[in-house]
Amino acid sequence: MNPVVIYTDGACKGNPGPGGWGALLRSGATEKEIFGGERLTTNNRMELMAVIQALQALKRPCAVVLNVDSLYVLKGMTEWLPGWKAKGWRTSTKQPVKNVELWQALDELVNRGGHTIEWRWVRGHNGDPGNERADELANRGVEVALGRLPAPM
């Protein structure tokens with residue numbers, strides 16, 4: 001399997017407010033940057049969208065090291081997801097899981113994409129070059145959502 005290192009990030013100006021997501025994908029010497037945004041969203045939704053879009057960008061099964069600065073995404077995928085699914089997408093307090101459609105889409109990508117994924121947490125805004133670049137891309141996504149930048153091709 002092709003090794004790929006991915007950094008993702010989400011950004012929101014107001015919560016809710018205009019938001020963006022960004023991802024940096026590296027495989028050997030090749031890099032790909034992707035980003036986008038929404039006019040009215042939340043930071044957690046953008047964190048999830050960054051991971052979803054990054055995994056959708058992979059064209060074949062890969063050995064992925066996925067770096068996120070969101071404990072919400074990390075714990076959701078590595079701790080909470082089995083319980084949510086077993087409880088019909090309800091939390092431990094019997095409330096509906098927030099952003100359920102994004103969690104379901106991500107779960108589908110992870111389980112059907114054929115990838116092996118190593119989930120890693122990186123502290124945001126702490127000088128990690130990959131995370132800093134993903135943050136810049138997420139903020140570019142906010143600019144797209146606000147109509148200040150054209151959408152990427």
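Along the sequence shown, the residues carry numbers beginning at 1.
A 4.5 Å side-chain heavy-atom check between D107 and N111 finds at least one atom pair inside the cut-off. Between L146 and K13 there is no side-chain heavy-atom pair separated by less than 4.5 Å. Two residues are said to be in side-chain contact when any heavy atoms from C-beta on lie closer than 4.5 Å; V68 and R120 fail this criterion. For the pair V73 and N44, the minimum side-chain heavy-atom distance is 4.5 Å or more. Using a 4.5 Å heavy-atom cutoff, the side chains of Q53 and W21 are in contact. Contact check for L25 versus E31: no side-chain heavy atoms found under the 4.5 Å cut-off. Within the 4.5 Å cutoff, the side chain of T8 has no heavy atoms near those of the L24 side chain.
Residues I34 and L149 are members of separate hydrophobic clusters, defined by side-chain heavy-atom contacts under 4.5 angstrom among Ile, Leu, Val, Met, Phe, Trp and Tyr. V5 and W119 sit in two unconnected hydrophobic clusters of ILVMFWY residues. Membership requires side-chain heavy atoms under 4.5 Å apart, directly or through other members. Residue V51 is grouped with residue M46 when hydrophobic side chains (ILVMFWY) are merged at heavy-atom distances under 4.5 angstrom, including chains of intermediate members. Residues V142 and I52 do not share a hydrophobic cluster, defined by chaining ILVMFWY side chains whose heavy atoms lie under 4.5 Å apart. Grouping the Ile, Leu, Val, Met, Phe, Trp and Tyr side chains by contacts below 4.5 angstrom, directly or via other members, places L109 apart from V65.
Between G14 and C12 the shortest heavy-atom distance is O-SG, 2.9 Å. Here the closest non-hydrogen pair linking A54 and A23 is CB-CB, 3.8 Å. Nearest heavy atom pair, residue N126 against residue E132, reads N-OE2, 3.4 Å. Smallest separation of non-hydrogen atoms from F35 and P152: O-CG, 3.3 Å. Of all heavy-atom pairs spanning M1 and A63, the tightest one is CB-N, 3.8 Å. Shown here for P16 and L40, the closest heavy-atom pair between the two residues is CB-CD1, 4.0 Å.
The backbone N or O of G19 sits nowhere less than 3.5 Å from a side-chain atom of E38 that would complete a donor-acceptor pair. A donor-acceptor pair is defined here as one N or O able to donate and one able to accept, closer than 3.5 Å; such a pair exists between the side chain of N67 and the backbone of I6. The closest donor-acceptor contact from the side chain of R39 to the backbone of A145 lies under 3.5 Å. Judged by distance alone, with hydrogens and angles left aside, the side-chain atoms of H115 form no donor-acceptor pair with the main-chain N or O of V64 at under 3.5 Å.
Between the side chains of S27 and N2, at least one donor-acceptor pair of N or O atoms lies under 3.5 Å. Defined by atom type and a distance below 3.5 Å, a donor-acceptor pair is present between the side-chain atoms of R45 and N99.
Note that CD of E47 and CG of L74 are 11.0 Å apart. Values are rounded to the nearest 0.5 Å. Taking CD of E143 as the reference point, atom CZ of R140 lies at 10.0 Å (rounded to 0.5 Å). Interatomic distance, W80 CH2 to K87 NZ, rounded to the nearest 0.5 Å: 12.0 Å. To the nearest 0.5 Å, atoms CG (L71) and CD (E79) are separated by 9.0 Å. In this structure, the separation between CG on L81 and CD on Q104 is 9.5 Å, given to the nearest 0.5 Å.
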- Check the pair D9 / L137 against side chain to side chain contact (heavy atoms under 4.5 Å, CB included), numbers first and verdict last. CA-CA 8 Å; D9 201 12; L137 293 166; over 6 Å; no
- Task: Please step through side chain to side chain contact (heavy atoms under 4.5 Å, CB included) for the pair Q95 and R90, ending with a clear verdict.
- Result: CA-CA 5 Å; Q95 298 301 308; R90 298 262 173 196; 5.7 Å; no
- Could you check D135 against N131 for side-chain hydrogen bond (donor to acceptor under 3.5 Å, both in side chains), going step by step and ending with a plain yes or no? CA-CA 6 Å; D135 179 66; N131 177 257; over 6 Å; no
- Evaluate the side chain to side chain contact (heavy atoms under 4.5 Å, CB included) criterion for residues L48 and Y72: first the C-alpha distance (whole Å), next the side-chain angles of each, then the deciding distance (0.1 Å), finally the verdict. CA-CA 9 Å; L48 284 164; Y72 174 68; 3.8 Å; yes
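Ring-plane geometry between W84 and W103 is classed as perpendicular, the angle between the planes exceeding 60 degrees on a 0 to 90 degree scale with a lower cut at 30.
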